[in-house]
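What's counted below: heavy atoms across the whole structure, side chains too, no hydrogens, waters or symmetry copies. Residue numbers start from 1 in every chain, and the chains themselves are labelled A, B, ... in the order their sequence lines are given, proteins ahead of strands.
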Protein chains: 2
Amino acid sequence: MMPEVVRQTAWRRDDVRERLAELVADLPDGARLPAERDLADTLLVSRTTVRQATQELVAVGRLARRHGSGTYVCGPKVTFLLEPGVRGTVVGPPEAVLKSCRVRHSSVPAVVTGQLRVPKGVGVLEVGRSWLVGDVPLCVESSYLLDRDSVVVSINGAPEGARSVDTAVEHRAATAAEADELLVRAGTPVFAVNRRYYDDTDNTVSVAVLVCRADRCSLLLRSALPR
Amino acid sequence: MMPEVVRQTAWRRDDVRERLAELVADLPDGARLPAERDLADTLLVSRTTVRQATQELVAVGRLARRHGSGTYVCGPKVTFLLEPGVRGTVVGPPEAVLKSCRVRHSSVPAVVTGQLRVPKGVGVLEVGRSWLVGDVPLCVESSYLLDRDSVVVSINGAPEGARSVDTAVEHRAATAAEADELLVRAGTPVFAVNRRYYDDTDNTVSVAVLVCRADRCSLLLRSALPR
DNA sequence: CAGTGGTCTAGACCACCAC
DNA sequence: TGGTGGTCTAGACCACTGT
């Protein structure tokens with residue numbers, strides 16, 4: 001059942017993708033590729049096939065298209081560092097800038113209900129952060145903390161009282177709201193990183209949701225081993 | 001620079017994708033969608049547009065296509081659990097089976113050279129594991145350990161002497177070899193999880209490389225906080 | 001305004017599956 | 001053998017960029 005068989009045929013798209021990958025390997029970051037119509041003529045395939053092959057390289061961050069301008073070779077991905085005692089940070093290269101960091105009171109948003117078990121009506125602090133490379137937002141993060149926590153510690157570090165953390169990483173489609181924030185089309189694949197901090201009695205102390213563009217970000221997680 | 005502007009136009013593809021997403025939301029896992037040609041007729045778009053919209057849902061694991069059979073609603077993703085002191089395990093649902101686990105001697109493969117700093121000629125143990133759901137391989141893992149380590153501990157747990165671990169998660173295209181093992185086409189997006197175990201003096205003790213289908217797997221990482 | 005990517009179409013043919 | 005997904009084409013038109 002569900003054989004999901006491997007093809008025997010050699011598809012033109014695969015051939016074009018490999019040719020492009022070789023071409024790209026010899027080009028510096030930021031270099032512009034020939035126009036799709038030119039590539040189609042050169043490689044003796046239709047423009048559609050060129051686009052399909054290109055798309056596969058775009059999806060994994062090797063190329064980036066700019067409407068009306070051209071298709072360009074991408075630099076290395078942004079590395080997003082997650083350590084148990086620290087909330088997310090971006091480490092280079094390439095250089096990413098923490099664009100905004102806002103802290104505000106809110107009253108138990110839907111995302112927190114059921115995860116962060118607080119009585120109805122209790123306020124939480126929402127910490128929103130976003131990172132840019134150039135002018136392009138790559139990661140947005142929202143953390144939800146109990147008011148009683150130390151805000152200074154909580155913005156960048158684990159909240160007071162937290163003793164362990166779960167990190168769930170999922171690859172999914174961007175919602176309309178996320179797509180809007182990340183300046184991509186809805187449905188674009190993103191990493192969704194959901195972190196929950198627990199205290200000694202396994203109550204959730206805070207929740208952090210990170211959404212970053214899968215095509216432009218890698219994740220790095222560090223942890224000590226229990227001794 | 002690099003505005004990467006948000007579109008104003010309403011594309012048919014987006015509309016079709018949202019309609020399909022709504023349709024899928026009401027269907028049970030495993031349900032079959034109407035044929036692409038029928039959807040095209042119903043939604044008054046070309047089959048190409050239906051395929052593009054469908055593809056976006058396939059890429060994030062909401063749908064799966066079966067050549068010659070149909071397009072089906074996917075169940076939940078396989079959760080791959082990574083804990084500091086334990087090598088990867090799969091937790092359900094859905095049920096995944098550890099299909100193979102082979103241990104063999106090898107002499108410093110390329111992937112280990114430079115990462116696992118051992119003198120040339122020293123043998124390493126290679127532990128290969130793969131997990132299946134049904135008959136479909138979703139994850140393959142290769143660990144490389146120094147011969148001096150306890151093999152019993154090393155297969156499922158952290159190697160002797162390891163005190164910390166780095167976990168790098170990348171979203172990239174499957175190589176030809178990986179695609180062959182996972183029964184997908186080359187270029188398919190995969191999670192590549194690279195774990196390095198370090199001893200007290202920060203020498204790499206072992207290296208584990210996990211490759212899993214991004215469309216079918218989620219990652220869950222647990223760690224204690226330093227106290 | 002010329003050049004480029006973005007979308008969409010109608011149709012063709014192939015490969016696979018299940019009856 | 002009919003129905004399904006998989007690939008590919010040639011061309012059209014739109015939207016955006018940069019000169």
**Report entry** A/Ala40 to A/Ser46 - nearest heavy-atom pair and separation
**Finding:** CB-C, 3.8 Å
Query raised in the report: Does the ring of A/His67 lie flat against the base of D/dA15, closer than 5.5 Å centre to centre with planes under 30°?
Result: yes
Whole-Å distance between [N] [atom2] and [X] [atom1]?
| X | N | atom1 | atom2 | value |
| --- | --- | --- | --- | --- |
| A/Glu36 | D/dC8 | CD | P | 16 Å |
| A/Arg32 | C/dG5 | CZ | P | 7 Å |
| B/Leu57 | D/dG5 | CG | C1' | 16 Å |
| A/Arg65 | D/dT17 | CZ | P | 16 Å |
| B/Trp11 | D/dC14 | CH2 | P | 10 Å |
| B/Tyr72 | D/dG3 | OH | P | 15 Å |
| B/Arg185 | D/dG5 | CZ | P | 17 Å |
| B/Asp14 | C/dG6 | CG | P | 13 Å |

Requested in this report: With DNA chain C as reference, determine whether A/Leu33 or B/Gly68 sits nearer its 5' end, using the nearest nucleotide of each.
Outcome: A/Leu33
Requested in this report: Scan B/Arg51 against the nucleic acid and name what it touches under 4.0 Å (heavy atoms): base, sugar-phosphate only, or nothing.
Outcome: base
Requested in this report: Using the six-membered ring of B/Tyr72, assess whether NZ or CZ of B/Arg65 lies under 6.0 Å from its centre and within 45 degrees of the ring axis.
Outcome: no
Provide a list of protein-nucleic acid N or O atom pairs under 3.5 angstrom, restricted to nucleotides 9-13 of chain D.
| from | atom 1 | to | atom 2 | distance (Å) |
| --- | --- | --- | --- | --- |
| D/dT9 | OP1 | A/Arg12 | NH1 | 2.5 |
| D/dT9 | OP2 | A/Ser46 | N | 2.8 |
| D/dT9 | OP2 | A/Ser46 | OG | 2.7 |
| D/dT9 | OP2 | A/Thr49 | OG1 | 2.4 |
| D/dA10 | N6 | A/Thr48 | OG1 | 3.3 |

Taking the side chain as everything from C-beta on, heavy atoms only, tell me whether [X] gets closer than 4.5 Å to [Y].
| X | Y | answer |
| --- | --- | --- |
| B/Arg195 | B/Val207 | no |
| B/Gln52 | A/Gln55 | no |
| B/Arg172 | B/Glu178 | yes |

**Report entry** Watson-Crick or G-U wobble mate for C/dC19, both contacts under 3.5 Å
**Finding:** none
Query - Side-chain N or O of A/Thr71 closer than 4.0 Å to phosphate OP1/OP2 of C/dT4 - result: no
Query - Note: B/Arg12-B/Asp15 ion pair, threshold 4.0 Å (strictly below) - result: no
Requested in this report: Just compare D/dA15, C/dG5, D/dC8 and give me whichever is closest to any side-chain atom of A/Arg13.
Outcome: D/dC8
Query - Closest to the B/Asp38 side chain, choosing from D/dT4, D/dG5, D/dG18 - result: D/dT4
Query raised in the report: Are B/Tyr197 and B/Tyr144 an aromatic pair by the rule of ring centers under 6.0 Å?
Result: no
